[in-house]
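Just so it is clear, the values below take in all heavy atoms, side chains as well, and ignore hydrogens, waters and symmetry mates. Here, residue 1 is the first one in the sequence, and each next residue gets the next number. Whatever order the structure lists them in is the order used to number ligands and atoms, beginning at 1.
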Amino acid sequence: MHRAGGWGPSGVPAGASAGRSPKRANVKGSEVLFEVLATEGVTHAFGNPGTTELPFVDALVEHPELHYVLALQEATAVAMADGYAQATGKPAFLNLHTSAGLGNAIGNLTNAQVANTPLVVTAGQQDLRHIATEPMLSGDLVGLARPVSKWAEEVRTVDELAVMLRRAFHDAAAPPGGPVFVSIPMNVLDEETATPVPAPSRVRAAEVPDAAVLEQLADLLVSTPPDRLALVLADEVGHAVDEILAVADTIGAPVFGAPLHATLVFLPRHPLWRGPLPPAAARINQALAGFDRVFAIGRRPFMVYPYTPGPAVPPTVELLHLSADAGEPGRTWPVTLGAVGDAKATLAALLPLVRERIGNPRPAPEARPDQLEDKARQRYADVPMHPMAAAHALVRALPDNAVVVDEAITTGTYVRGFHHPARPGTYFFCRGGGLGWGMPAALGVSLGYDKAPVLCVVGDGSAMYSPQALWTAAREQLPVVFAVVNNRQYLILKNNLRQRAGASAQSGRYVAMDLVEPPIDYLALARSMGVEATLVEKADDVSDAVSAAWDAGRPHLLELPISSPE
Ligand SMILES: Cc1ncc(C[n+]2csc(CCOP(=O)(O)OP(=O)(O)O)c2C)c(N)n1
């Protein structure tokens, strides 16, 4: 997520002297690495070490300023770094173990790629002096990383280490952000160089389309009757919520979230908010069919999940599309007007033009009564809990603007529905769809917010992809409350099978869908890794349990048995 204004490397320590002197004494590659990290403002390294990473780990002893967050499997390291980068808005640094460790990381790197999370991913490579003999732990790291990275390279000599690392931080952050991979052979960190470390660069990236494009955009928006215009907001708007609120309030047009959008892009209680578009082309088409124009902001505004025939955007709709990614407008859906620009800066520049044309803001519609709220309360007596009641009780127990990480899958609809923060950066979801992201990402988000409390709502199936996150939560003493909503099955996949109306639906026999024989003991799982755990069976008891866990300031797992409504 590239924040408006971009970041060059922020947090450069006062007095950092990177790049000042053209000549200097030889320093080890490992010191070059630490110098780059310090001058990029990196305070946390996420990783899991092996032999090929020992030159880095060994040097950590002399560098207490860099906190190494130990993950017990690389998938969790990536998602922790992802959550941390999303919370801080800056690239996060990772150190993984050669090809096998990188292999474990690939799944969550696909998630980071979809989310455009800036990550500088490194892994140790075997010592190049004997790599031709094909030693154990050598491998094609670059080949593995390339499809999930903006670029992937192996450092060849210690002299080029600094420039490669600087470039990695630069490119991970440049819009659209994403993971960048650097393979670092062991000998490179042990060898010495006299090459100076280049200074970090500050790049301002708050790009705005030129004046003529902004005028045209304002004309098109204002000339469309507000009930014939829809706004569709994807995650790029996450850092521009104030600006989009001002523009939407002025125009008075309804606002949708992009399907499966993963951050807060608009205020959920706002009368113009219509919720996220459904993640199926035919249903998006239906939702947009009544509009003449749609103003979409951000990457992948019409991302779908199961196939349905036909285009997401009806051919009768004129699409206006703004993104910081120059490759995005017009790429999949033809546009009447495509504009390249940072959402925050562009909306700020657009607002006066829109106001000039409209005069007073158009009247907002009446706030709609929240029927979901009553429905949830009516279900509080159900045992096992209805997922709607469970999500409601969890979210309602939290203070305003509590931070929620959502990997609750079918229960997630309710988590989103009941979480009504007024502040951006309070809701995190995985748009990439790869499971095993939520629990470790919650740790990264907490760390990124200086150990703030976080609620992570996670499905019982999803909780088994990165359960090692519990151990890191205990080791770092992070105030994360994991709420495992346990329906003892992969409900979403069962529902999808029902929709297919094939052999499973007809016979009522679902293969590979139930997690009951044997059942999983989530309380024991948490306790085995040093995390306290509590079973909560009634919605009426959820509030006390989650409040106590939230206030305790340590990790806690709550297991909530829930029903599986179809
Ligand atoms: C890494 C990975 N493996 C498998 C899947 C396929 N998958 C999607 S949802 C799901 C089940 C999730 O179950 P659970 O967390 O219990 O939520 P529920 O559907 O029951 O609400 C699976 C296995 C995936 N998305 N990612």
TODO: Determine yes or no for a side-chain-to-main-chain donor-acceptor pair under 3.5 angstrom, with Q125 supplying the side chain and G139 the backbone.
DONE: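 Pair found, side chain donor or acceptor close to backbone of G139.
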
Open item on the list: Just by distance, no angles: are the side chains of H386 and Y380 close enough, under 3.5 Å, to form a donor-acceptor pair?
Closed with: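 Side chains of H386 and Y380: no pair found under 3.5 Å.
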
Open item on the list: When you compare the side chains of E154 and S183, does any donor N or O come within less than 3.5 Å of an acceptor on the partner?
Closed with: yes

TODO: Can you label the angle between the Y427 ring and the H419 ring as parallel, tilted or perpendicular, going by 30° and 60°?
DONE: tilted

- [ ] Look at the aromatic rings of W333 and F302 and report parallel, tilted or perpendicular, splitting at 30° and 60°.
- [x]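 It falls in the perpendicular class, over 60°.
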
Task: Exceeds 12 heavy-atom contacts within 6.0 angstrom, atom CZ of R527 - done: yes

Quick check for students: name every N or O atom pair between ligand 1 and the protein closer than 3.5 Å, with distances.
residue, atom, partner, partner atom, Å
ligand 1, 15 (O), G461, N, 3.4
ligand 1, 15 (O), S462, N, 2.8
ligand 1, 15 (O), S462, OG, 2.7
ligand 1, 16 (O), D460, OD1, 2.8
ligand 1, 16 (O), G461, N, 2.8
ligand 1, 16 (O), Q489, O, 3.1
ligand 1, 19 (O), L491, N, 3.1
ligand 1, 19 (O), I492, N, 2.8
ligand 1, 20 (O), N487, OD1, 3.2
ligand 1, 20 (O), N487, ND2, 2.9
ligand 1, 20 (O), Q489, O, 2.9
ligand 1, 20 (O), L491, N, 2.9
ligand 1, 21 (O), T410, N, 3.0
ligand 1, 21 (O), T410, OG1, 2.4
ligand 1, 25 (N), G433, O, 2.9
ligand 1, 26 (N), L435, N, 3.1

